[in-house]
Each structure stands twice: as structure tokens, then as C-alpha cells.
Amino acid sequence: MFDGVEGENGTYFWILKPAAAAAFGEMKEAGDRRIRAISKILEDDKTAEGLEENLFSNPSDTSVRAIRRLLEKDRDFQRKSFGRDHPCCLVCGADRMSLLRAFPYGEKEEGEKGLLFCPTHGALFAAHLISFSMKGELLVSERLTEKERELFHLTAGEKAHGHFVRRRMAEHRKIFNQEGRKLK
């Protein structure tokens with residue numbers, strides 16, 4: 001939102017409404033990979049940081065184009081990931097298309113397909129609280145309480161409701177195991 005102020009060198013100043021700034025902050029904290037990437041684009045645009053500053057040090061269309069490319073790339077990633085016979089959440093089997101979201105899981109994210117999850121199991125996967133073994137069995141972190149395991153319907157050893165490239169899961173499982181060792 002333009003606040004009507006022009007700087008001494010002809011730059012215009014913008015204000016990000018507090019509710020929008022708070023929502024953006026929450027998404028960033030949750031680790032949404034798109035928000036991290038958008039943050040990186042804005043960080044490269046030196047004056048975009050904060051609530052009340054010049055929004056773009058680059059011409060605005062430069063940053064906007066970069067963000068559009070990022071969102072288009074994510075849309076392509078999502079579209080490719082849904083190209084299965086029966087898309088569903090790998091953990092619970094939920095198949096309501098409007099709720100499913102693809103998550104990257106290997107070292108190479110570009111041009112690859114992601115794993116499909118419902119919102120709950122996707123958040124657990126992104127936080128490395130669940131993973132899958134080389135046999136395609138569910139691994140559940142010891143960081144989750146018994147009550148949380150029941151609440152999220154997590155049964156260690158349960159087979160995945162779909163297929164994925166098991167060797168690509170190795171990186172995710174490595175982080176999952178490292179996080180689990182921090183408890184001990």
C-alpha cells in the first residue's frame with residue numbers, strides 16, 4: 001500500500017499492513033519453501049526488509065518477475081506431482097484433491113515430482129517428524145508424544161499409500177534420524 005511519501009531521491013515508500021506482515025512472518029516461520037524463496041528474492045532487493053521501507057530497490061518489475069517465476073515453477077512442480085493414477089496422501093490415503101499438496105523429498109528438487117500429503121501429514125513430513133524407510137514403511141519420530149501419534153493416526157511400520165523413489169528419500173531420512181538423535 002503506497003503511503004504517499006516520496007523520498008529525497010524520488011523513491012516512493014510503501015507500508016506493509018501489519019496483518020499482512022504477521023501472516024508473512026508466520027508462513028516464513030512454518031518453513032514454507034515458497035516463502036523462504038520469496039524472502040530470498042526480497043533480501044536480494046536490499047530495501048525490501050521491514051514494515052515501512054522502500055519496497056523495491058530493483059525496479060519493481062524485476063522482483064515481481066522473479067517471484068512470478070518462482071510461483072510458476074512451484075505450480076509446475078505441483079502439477080507434475082499429481083500425475084499419478086490415484087493421487088492420495090502417502091500416510092492416510094486421503095484423496096480429496098483440493099487438500100493434497102506436493103512436498104519435495106530428495107536432493108534435487110528441480111524438475112522432480114514431490115510426495116503428496118494432506119495438510120497434517122505434509123506438515124509433519126516437512127518438519128522431519130515422519131519419514132519413510134527403504135521398504136516404504138512409515139517412520140515416526142520419537143519427538144512425537146503417544147497422544148500426538150494417536151491424534152495424527154501415525155502407526156510406525158505402516159506401508160505408504162503410494163509409490164516414490166526410495167533412494168531419493170535417503171536425504172530426508174538422514175535429517176529425520178539426526179533430529180531424533182538430538183533427543184538422546
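Quick note: numbers below take in every heavy atom, side chains included, and nothing from hydrogens, waters or symmetry partners.
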Within a 6.0 Å radius of atom CZ on R68, are there more than 12 heavy atoms belonging to other residues, nucleotides or ligands?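 No - once you tally the heavy atoms of other residues, nucleotides and ligands closer than 6.0 Å, there are 12 at most.
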**Q.** Basic-acidic side-chain contact under 4.0 Å: K73, D76
**A.**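 A salt bridge is absent here (no side-chain N lies under 4.0 Å from a carboxylate O).
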Exercise for the section: Would you mind checking if R69 and D74 are paired as a salt bridge, meaning a charged N to carboxylate O distance below 4.0 Å? Expected result: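 Salt bridge between D74 and R69, a charged N being under 4.0 Å from a carboxylate O: no.
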Honestly, is R168 close enough over F164, meaning NZ or CZ under 6.0 Å from the six-membered ring centre and within 45° of the axis?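 Judged by the rule, R168 and F164 form no cation-pi pair.
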Between [X] and [Y], is any pair of side-chain heavy atoms under 4.5 Å apart?
X: R143; Y: H128; answer: yes
X: P119; Y: L99; answer: yes
X: L116; Y: R101; answer: no
X: K135; Y: K159; answer: yes

Nearest heavy-atom neighbours spanning [X] and [Y]:
X: C92; Y: C118; value: SG-SG, 3.9 Å
X: L115; Y: Y105; value: CG-CD2, 3.3 Å
X: F117; Y: L90; value: CE2-CB, 4.0 Å
X: F82; Y: L100; value: CZ-O, 3.5 Å
X: V91; Y: H161; value: O-CD2, 3.0 Å
X: L144; Y: R149; value: O-NE, 3.5 Å

Using the rule given for side chain to side chain contact (heavy atoms under 4.5 Å, CB included), can you reason through V140 versus L138, listing the C-alpha separation, both sets of side-chain angles and the distance that settles it, and then say yes or no? CA-CA 6 Å; V140 181; L138 183 65; 3.9 Å; yes
Requested in this report: Report yes if the distance between the aromatic ring centroids of H172 and F125 is under 6.0 Å, otherwise no.
Outcome: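 Yes, close enough.
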Practice prompt. Please check if F103 and V165 belong to a single hydrophobic cluster, counting links between Ile, Leu, Val, Met, Phe, Trp and Tyr side chain heavy atoms closer than 4.5 Å.
Written response: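 As far as the 4.5 Å side-chain criterion goes, V165 and F103 are connected within one cluster.
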